[in-house]
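Report on the structure given below.
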Amino acid sequence: MTLTQPRMTDEELMRLPKDGYQYEYVDGEVIRMHNHFLHDLIITYLVRFLYPPTKGRGYLVVSNAGFRMKSGNIRCPDLSFMRKERMPGGKPFQGFGEGAPDLCIEVISPSEARGAMRRKLEEYFESGACEVWHLYPETREVERFTSPTDVTVFGPGETLDGGDLLPGFQSLVSALFDVEE
């Protein structure tokens with residue numbers, strides 16, 4: 001015997017929580033969707049900027065790649081770079097990456113809790129990250145962390161470079177957010 005759920009009405013769908021997620025109703029099921037199109041668009045543009053200086057030196061991956069932290073947590077930065085020498089045989093991991101990537105980039109939305117982002121930042125560094133970048137689309141600023149307590153803030157008119165980790169990378173901060181061409 002198969003039990004089916006009654007179909008939701010338009011009114012019920014409209015009363016779903018306003019919690020920062022988009023909901024879709026597919027084949028009789030409510031599905032919570034990631035609804036940050038701008039967030040993903042910024043990540044796509046960052047890949048375009050960061051791929052040339054990372055090519056041949058390591059691997060640039062988006063948020064589907066998980067990394068096992070020393071705490072045992074699996075974290076998935078929005079965009080990551082890991083040098084080949086940190087990988088067994090210089091080859092990509094087959095499962096989760098061990099330790100944090102060398103560079104962890106997070107595009108921060110207003111709905112993200114500061115405490116949760118702080119914990120993630122600390123886990124990244126405890127697990128081997130060299131740098132963490134927080135990008136803020138609303139203010140068009142980048143926070144560049146070289147430790148959990150050492151941060152430099154770059155405004156829209158300033159230039160962010162890759163330092164020793166990504167020699168050859170240099171961009172005006174505002175260009176990182178200029179996704180409308």
Side-chain angles (χ1 to χ4, degrees), residues 20 34-67 69-70 73 75-87 90-93 97-181:
H34 177 65
N35 68 339
H36 301 288
F37 184 86
L38 179 61
H39 172 277
D40 288 352
L41 190 58
I42 290 170
I43 294 300
T44 301
Y45 272 61
L46 283 171
V47 169
R48 181 181 71 173
F49 285 116
L50 292 172
Y51 179 73
T54 61
K55 186 178 179 184
R57 301 185 65 240
Y59 299 97
L60 189 64
V61 295
V62 294
S63 63
N64 291 333
F67 296 87
M69 302 291 111
K70 283 187 178 182
N73 291 338
R75 296 291 190 174
C76 303
D78 291 330
L79 187 61
S80 307
F81 169 70
M82 187 170 263
R83 292 172 293 154
K84 285 183 177 181
E85 59 260 27
R86 290 198 50 216
M87 300 178 171
K91 303 288 183 197
F93 295 108
E98 289 298 326
D102 294 294
L103 173 62
C104 304
I105 300 174
E106 300 283 358
V107 177
I108 310 296
S109 68
S111 64
E112 291 185 276
R114 288 284 186 176
M117 292 309 299
R118 182 72 195 167
R119 179 175 179 214
K120 190 183 284 194
L121 172 79
E122 290 171 355
E123 283 190 35
Y124 288 152
F125 281 108
E126 287 169 2
S127 301
C130 298
E131 289 192 19
V132 176
W133 298 354
H134 285 175
L135 281 70
Y136 294 89
E138 289 195 348
T139 59
R140 298 170 69 91
E141 293 179 324
V142 174
E143 291 178 337
R144 177 191 209 157
F145 293 88
T146 53
S147 80
T149 57
D150 294 323
V151 61
T152 304
V153 178
F154 295 85
E158 296 179 281
T159 299
L160 177 66
D161 66 52
D164 294 335
L165 187 57
L166 294 176
F169 170 75
Q170 189 172 1
S171 177
L172 195 61
V173 169
S174 60
L176 303 177
F177 299 101
D178 287 340
V179 295
E180 297 177 18
E181 292 185 347

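The residues of the chain are indexed from 1 along the displayed sequence.
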With a 3.5 Å distance limit and no angle check, can you tell me whether [X] reaches the backbone of [Y] through a side-chain donor-acceptor pair?
X     : Y      : value
Asp78 : Val107 : yes
Thr54 : Tyr51  : yes
Arg83 : Pro101 : no

Quiz prompt | Carboxylate-amine/guanidinium proximity below 4.0 Å for Arg144 and Asp150 | solution =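 Not counted as a salt bridge, because no side-chain N and carboxylate O are separated by less than 4.0 Å.
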Quiz item: Salt bridge or not for Lys84 and Asp102, using N-O below 4.0 Å?
Solution: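 Judged by the 4.0 Å cut-off on N to carboxylate O distance, Lys84 and Asp102 do not form a salt bridge.
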State the [atom1]-[atom2] distance between [X] and [Y], to the nearest 0.5 angstrom.
X      : Y      : atom1 : atom2 : answer
Ser171 : Tyr45  : OG    : OH    : 13.0 Å
Cys104 : Phe67  : SG    : CZ    : 7.5 Å
Glu143 : Leu121 : CD    : CG    : 9.0 Å
Leu46  : Leu135 : CG    : CG    : 5.5 Å
Glu106 : Met117 : CD    : CE    : 4.0 Å
Glu126 : Arg119 : CD    : CZ    : 9.0 Å

Quiz item: Pairs in or reaching into residues 141-178: which pass ring pair (Phe, Tyr, Trp, His ring centres under 6.0 Å), with residues at least two apart or in two chains?
Solution: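 Matches after skipping sequence neighbours: Trp133-Phe169, His134-Phe145.
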Quiz item: Looking at Leu176, Val142, Leu50, which hits side-chain contact (heavy atoms from CB on, under 4.5 Å) with Ile105?
Solution: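 Of the listed options, the one satisfying the test is Leu50.
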Nearest heavy-atom neighbours spanning [X] and [Y]:
X      : Y      : result
Met82  : Gly99  : CE-O, 4.1 Å
Leu172 : Pro156 : CG-O, 3.8 Å
Phe49  : Ala175 : CE1-O, 3.6 Å
Gly155 : Val173 : O-CB, 3.2 Å

Self-check item: Residues in salt bridge (Lys or Arg N to Asp or Glu O under 4.0 Å) contact with Glu138, at least two apart in sequence or another chain
Solution: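 So Glu138 forms no salt bridge (Lys or Arg N to Asp or Glu O under 4.0 Å) with any residue.
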Quiz item: Checking side-chain contact (heavy atoms from CB on, under 4.5 Å) for the pair Val61/Phe81: CA distance, chi angles, key distance, verdict?
Solution: CA-CA 6 Å; Val61 295; Phe81 169 70; over 6 Å; no
Self-check item: The single option from Arg75, Lys70, Arg118 passing salt bridge (Lys or Arg N to Asp or Glu O under 4.0 Å) against Glu123
Solution: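 Only one of Arg75, Lys70, Arg118 forms a salt bridge (Lys or Arg N to Asp or Glu O under 4.0 Å) with Glu123, namely Arg75.
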Practice problem: Apply side-chain contact (heavy atoms from CB on, under 4.5 Å) to Val47 and Leu79, showing your working. | Solution: CA-CA 8 Å; Val47 169; Leu79 187 61; 3.6 Å; yes
